[in-house]
Amino acid sequence: MANMIQCILGGALAVLAGAALAQGYPAKPVRFIVPFPPGGGTDLVARTVATKLTETKKWAIVIDNKPGAGGNLGIAEAVKSAPDGYTMVVGQTSNLAINPTLYRSLPYDPVRDLAPVVLMVSAPIILVTSDKRPFRSVADVVAAAKAKPGHLSYASPGNGTVAHLTAELFQRAAGIQLSHIPYKGASQAMTDLMGGQVDLYLSSVPSAIGQVKGGKLRALAVTGAKRSAELPEVPAIAESGYQGFEVTTWYGLLFPAGTPEAIVKQMNGEVNQVLKQPDVRSRLAAEGGDVLGGTPGEFSALLKTDLARWGTIVKQSGAKVD
């Protein structure tokens, strides 16, 4: 009985301590770790939300880009940080749902070591080609690939990324064979695509939409269930004879596990308010993103579901990174 009372009192004290901490939160700058280089989709989403939090709440938000190992280095640093509410990480499909199966071992477990706060955005992958290439539709790509199996090349931001695995799924659906050229991020892949070194590129929408609208790249398809509002003339792959084909990637904010629940709830509420702001929604939509929001529980459930789903896809593709 004494032990039971001690446990109850201990739990109550922990809740009270967390609530007291949240009342004065944040008392110093909050660091957003972005596990990828500046300029990509993950970075853009993080900076959009951080900027609005600074404007509306007068909070000091510091963006800390920590790229490397497919996003693993940034996640690992967040996991090792003190769970005091002053370090967050921007997680997404690749580093949280794919990498645990793709890599032989990771310095973190996304379910055990992180506390989901809020989903921010989801976005499809976009299939693009240079304006110098002859392809004007998915059917053109499929026909060329069937005529010369393995001759057409496609770039991705890296082995085992959502873009790479999306291409694997599409090749299986279309019965074609393409040559994969993995890059260490979007920037060099985009440069080589426009320079003619590769034929196709599967990209996040934020990384490619500027070049598409500028006429330097031709968008052939998006991988969402429907067309992108910002690129209404570009069909979904599902419209091109592959009914049911759908792949999207998501971006969310997480704390290290053990962060007081009161702070998790407070940050969830503040970010949800930010995501409702018209200028934020239009900014993210202009980059091809669909604003999400929601509860920590909803984020946690999606993470667990996608871990199982993408784990199966990784195993079927045979992709591995040591």
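- For A257 against P83, the heavy-atom pair with the smallest separation is O-CB, 3.5 Å.
- Looking at every heavy atom in both residues, G41 comes nearest to S204 through N-OG, 4.3 Å.
- Using a cut-off of 4.0 Å between Lys/Arg side-chain N and Asp/Glu carboxylate O, R218 and D131 are scored as not salt-bridged.
- Under the 3.5 Å distance criterion, the side-chain polar atoms of N72 are left unmatched by any main-chain donor or acceptor of P107.
- In terms of modelled atom types and a separation under 3.5 Å, the side chain of Y86 and the main chain of A27 share a donor-acceptor contact.
- In this structure a side-chain-to-backbone donor-acceptor pair under 3.5 Å is present from Q277 to Q273.
- Contact check for V89 versus Y108: no side-chain heavy atoms found under the 4.5 Å cut-off.
- The two atoms that bring P256 and T87 nearest to each other are CD-O, 3.2 Å, heavy atoms only.
- At least one side-chain heavy atom of F170 sits under 4.5 Å from a side-chain heavy atom of V138.
- The existence of a salt bridge linking E77 and K80 is excluded, since no basic side-chain nitrogen approaches an acidic carboxylate oxygen closer than 4.0 Å.
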Would L220 and F135 count as a side chain to side chain contact (heavy atoms under 4.5 Å, CB included) here? Give the steps. CA-CA 8 Å; L220 303 178; F135 313 117; 4.1 Å; yes
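- How far OH of Y103 is from CD1 of I98: 10.5 Å, rounded to the nearest 0.5 Å.
- Residues L96 and P100 share a closest heavy-atom pair of O-CG, 3.4 Å.
- Listed for the D306 side chain is no donor-acceptor partner under 3.5 Å among the backbone atoms of R309.
- T249 pairs in a side chain to side chain donor-acceptor pair (under 3.5 Å) with only one of the listed residues (T93, T161, T166), which is T93.
- Judged by distance alone, the side chains of N65 and D43 do bring a donor and an acceptor atom under 3.5 Å apart.
- The side-chain heavy atoms of D84 and T259, taken from C-beta on, include no pair separated by under 4.5 Å.
- Hydrophobic clustering (side-chain heavy atoms under 4.5 Å, transitive across Ile, Leu, Val, Met, Phe, Trp, Tyr) keeps V205 apart from L275.
- Considering only heavy atoms from C-beta on, I237 stays 4.5 Å or farther from V222 through its side chain.
- Under a hydrophobic-cluster definition in which Ile, Leu, Val, Met, Phe, Trp and Tyr are linked whenever side-chain heavy atoms come within less than 4.5 Å, directly or via other members, V111 and L119 are assigned to the same cluster.
- Placement of V141 and L202 within a single hydrophobic cluster is found when ILVMFWY residues are connected by side-chain heavy-atom separations under 4.5 Å, directly or transitively.
- Here the straight-line distance linking atom CD1 of I125 with atom OG1 of T248 works out to 8.5 Å at 0.5 Å rounding.
- The backbone N or O of N268 sits less than 3.5 Å from a side-chain atom of N272, completing a donor-acceptor pair.
- Linking Ile, Leu, Val, Met, Phe, Trp and Tyr whenever their side-chain heavy atoms come within less than 4.5 Å leaves I176 and I181 in two separate clusters.
- Nearest heavy-atom pair across L152 and A145 is CD1-N, 4.0 Å.
- E233 CD: more than 12 foreign heavy atoms inside a 6.0 Å radius.
- Checking side-chain atoms of Q316 against main-chain N and O of I313 turns up no donor-acceptor pair under 3.5 Å.
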Show your working on side chain to side chain contact (heavy atoms under 4.5 Å, CB included) between R227 and V234 and close with a plain yes or no. CA-CA 7 Å; R227 299 189 181 201; V234 181; over 6 Å; no
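- With values rounded to the nearest 0.5 angstrom, L102 atom CG is found 11.5 Å from N95 atom CG.
- The main-chain N or O of G288 is never found under 3.5 Å from a side-chain atom of S228 such that the two would form a donor-acceptor pair.
- Summarising the geometry of H151 relative to D199, their closest heavy-atom pair is O-OD2, 4.1 Å, with the distance given to 0.1 Å.
- Counting only heavy atoms from C-beta outward, the side chains of V162 and W250 never approach each other to under 4.5 Å.
- When side chains are defined from C-beta on, M120 counts as touching V90, because their heavy atoms get closer than 4.5 Å.
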Applying side chain to side chain contact (heavy atoms under 4.5 Å, CB included), run through V121 and L292 and close with a yes or a no. CA-CA 5 Å; V121 176; L292 296 176; 5.5 Å; no
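- Counting heavy atoms from C-beta outward, F299 and L253 have side chains that stay 4.5 Å or more apart.
- In this structure, the separation between OG on S122 and CG on L302 is 9.5 Å, given to the nearest 0.5 Å.
- Taking 4.0 Å as the cut-off between side-chain N and carboxylate O, R283 and D279 do not count as a salt-bridged pair.
- In this structure, NZ on K66 lies 9.5 Å from CG on L73, to the nearest 0.5 angstrom.
- Side-chain heavy atoms closer than 4.5 Å link hydrophobic residues (I, L, V, M, F, W, Y) into clusters, and following such links, possibly through other members, connects M267 to V280.
- A donor-acceptor distance shorter than 3.5 angstrom exists from the side chain of S156 to the backbone of G158, with no hydrogens or angles considered.
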Using the side chain to side chain contact (heavy atoms under 4.5 Å, CB included) rule, take F32 and R47 through it: C-alpha gap first, then chi angles, then the decisive distance, then the call. CA-CA 9 Å; F32 279 17; R47 290 179 188 276; over 6 Å; no
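- By the 30° and 60° cut-offs, the orientation of the rings of H180 relative to Y154 is parallel.
- K226 NZ: 12 or fewer foreign heavy atoms inside a 6.0 Å radius.
- For the residue pair Y201/D192, the side-chain donor-acceptor check at 3.5 Å is not satisfied.
- For the pair M190 and L217, the minimum side-chain heavy-atom distance is below 4.5 Å.
- With rounding to the nearest 0.5 angstrom, the CZ atom of R31 is 5.0 Å from the CG atom of D64.
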